[in-house]
Amino acid sequence: MSSKKMITLKSSDGRIFEVEEAVAQESQTIKHMIEDGYGNSVIPLPNVTGRILYKIIEFCTKHVAVEEDIKQKSVEPTVVVEDVKQKSVEPTVVEDVKQKSVELPVDDDAWDAEPSDIDEWDAQFIDVDESTMFELIVASNYLNIKRLMDLSAQAIADMMKDKTVEEIRKIFNIQNDFTPEEEMKIRNENSWAYE
Amino acid sequence: MGSDETLTRKVSRNKLTMCSLNEMSSKVWGKFPEDLFEVVGERLPIVTVFRFLSVSKKWNSMLTSHTFRERYAKLSITQPWFYTITDNNVNTAAMYDPSSNKWYRTKLHSFREKLVIFPLASVGGIVCLTDNNYTRLFVGNPLTQTLKEIPSLSNMDWPGVVAGMWMNGKSLAEGYKMLCLSYYGQYVIFDSIENTWYKSGTISIGITLPLILNMRSQAIFVDGYLYFMCSIPNGMVSYNILSGIWNHILVPDPYTFIAHRFIVECGGRIMLVGSKVSDIKSCASVCIWELEKITLQWKEVDKMPSEWCMELYRKNTNMIGVGNKDLILLWFRFEKMNMLVTYDVSKKEWLQVSRSILPRGMAHQRIECGITFYPCITTTI
């Protein structure tokens, strides 16, 4: 099955990932690099940690599979993981670093899912802690993966939508630069939104 | 009073709750890149966008910028809302957002003078309101709580007027028109671009005048036709905006036990809401019919659950109905109670909306009239 071209990516913390070209090209940034001729060497991604890159690859692999309408029972994306200089622990299970191909530890059901269940898969995918959410949107912006950007932006919007103005200022460390009069005026104009 | 259960709305696919946590700590988000705020902002519900206008000057300028608003309007899946005036509240209206099941109280205007006005018609994010004598007309945007007076129909001495509005193009930026129809069959049309009334005439079809217009049923605009509900002649009169030709369409006329029938538009479908009492078994029900546009025949689509109907039967109930893309919203008022019911046209689901979600003080108010309106962030009046 490995007649597909593989692309090698390197995260900021030195971890190496080998992915199919189609999966890598979900990122417009990587796609342009491939088109510019860097597809045959290791592509460094200094702005993305190994932990997040792993998640992103999981996302892209899933979506490529769904698009290609693959309905195999067990899709095994081949990922080669080599620890170059590694201290941090991979959150998911990687049995043997020396293994040539490692299965991504997802349950079969996820891969069996019909395309119409992709929304549920996405919802579960993005159900992560705040730090991961933050890193995902930043990384997907850097890597220019629209689908993941939209998904994480929506998730963040959902977290924010019922917050008060004071809470938002606190969360995002924003200084209120309105005078009390100015702020009162705006609040009055839109009083309905504050109920 | 009957079962006051709040039935949970089935969450549509687009709105799967993606994140089970709601805690946002400044340790994480304090360093959120500014250029990503817009991407997130585009996905906030419209009420949140308006609330965050007071966060800071930078946020205000981002959320009011033309580019942001255009992108928001394009991306937005804001469902149409309902706009109502409650009695005893000269200056207050209330808006209902079906997708979040929330009510918002909104100021009608900030004028100094005391105005008693009520909605006549709406198009896009604009609502047209008039005073009791139809001597003054206003257009307003409920989201910005702004109101502006338009030239009045001062030449007319009309006892009653209904109005229908339509956009010239795809958006309000291209302007809109409004047709006002009176009991005497007279009509005039207003052009928002020229800010003037430019065409007038009398209904030409051979029907006896005066008309008895259904003042509470909002006119609907579908495929180039305006439809108004009437008691006399029984049915609807329609106006073709291109040809200027009027027509009369019959509606089913069963015995009614609840005052008023309504025509509503649901995603291009023309529906009629009314009540009927079946002859033999005397089974009272609130029914929905749909007009088949080719044959101009009405087909019964659904009936409200009979337990709810029985609550209303013989109780001198008033009903108001409005419709939008997928939803028909019905208010029933009887014996000082409000019952709010929605019917999802595509899913064929009836839901009783809990009274407890009305804003404070609203539960006992009479909702005088209501119209559909499409909240739009780019609307200006």
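In what follows, every chain begins at residue 1, and chains take the letters A, B, ... in the order their sequences are listed.
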message: Is it the case that the side chain of A:Glu130 and the backbone of B:Ser25 share a donor-acceptor pair, with hydrogens and angles ignored and the cut-off at 3.5 Å?
response: yes

- request: Look up atom CD1 in A:Ile174 and atom CZ in B:Phe52, then write down how far apart they are to the nearest 0.5 Å.
  value: 9.0 Å

field: Option that, when pairs with chain A are counted at under 4.5 Å, heavy atom only, ranks first among B:Val47, B:Thr146, B:Val39, B:Val55
entry: B:Val55

query: Of the backbone (N, CA, C, O) and the side chain (C-beta and beyond), which part of A:Asn141 lies under 4.5 Å from a heavy atom of chain B, both, or neither?
result: side chain

- line: So, the part of A:Ile171 with a heavy atom under 4.5 Å from chain B: the answer is both

query: What option among A:Asn190, A:Asn173, A:Thr164 has the most heavy-atom pairs under 4.5 Å with chain B?
result: A:Asn190

task: Would you indicate whether the side-chain heavy atoms of B:Pro33 and A:Phe134 approach each other to under 4.5 Å?
output: yes

- request: Name the option with the most non-hydrogen atom pairs under 4.5 Å to chain B; the candidates are A:Arg187, A:Lys163, A:Glu167, A:Glu166.
  value: A:Lys163

query: Out of curiosity, A:Gln154 CD to B:Leu44 CG, how far, rounded to the nearest 0.5 Å?
result: 8.5 Å

- line: CD (A:Glu182) and OG (B:Ser54) are apart, to the nearest 0.5 Å, by 11.5 Å

query: With B:Thr372, which residues qualify under side chain to side chain donor-acceptor pair (under 3.5 Å), at least two apart?
result: none

query: Run the salt bridge (charged side-chain N to carboxylate O under 4.0 Å, His left out) check on A:Asp150 and B:Arg43 step by step: do they pass?
result: CA-CA 9 Å; A:Asp150 290 349; B:Arg43 292 178 158 77; 3.0 Å; yes

field: Segment of A:Lys170 engaging chain B (4.5 angstrom heavy-atom cut-off)
entry: backbone

query: Does atom OH of A:Tyr194 have more than 12 heavy-atom neighbours from other groups under 6.0 Å away?
result: yes

query: Are B:Met24 and A:Phe172 side-chain neighbours, meaning at least one heavy-atom pair lies under 4.5 Å?
result: yes

message: Please determine whether the number of non-hydrogen atoms from other residues, nucleotides or ligands lying under 6.0 Å from atom CD of A:Gln175 exceeds 12.
response: no

message: Tell me whether the rings of A:Trp192 and B:Trp81 are parallel (<30°), tilted (30 to 60°) or perpendicular (>60°).
response: perpendicular

field: Heavy-atom proximity to chain A below 4.5 Å, by part of B:Leu36
entry: side chain

Rounded distance (nearest 0.5 Å) linking atom CE of A:Met160 with atom CH2 of B:Trp29: 9.0 Å

message: For B:Thr144, which atoms come within 4.5 Å of any heavy atom of chain A: side chain, backbone, both, or neither?
response: backbone

field: Sequence neighbours excluded, every pair satisfying side-chain hydrogen bond (donor to acceptor under 3.5 Å, both in side chains) that has a member inside residues 55-64 of chain B
entry: B:Glu34-B:Lys58

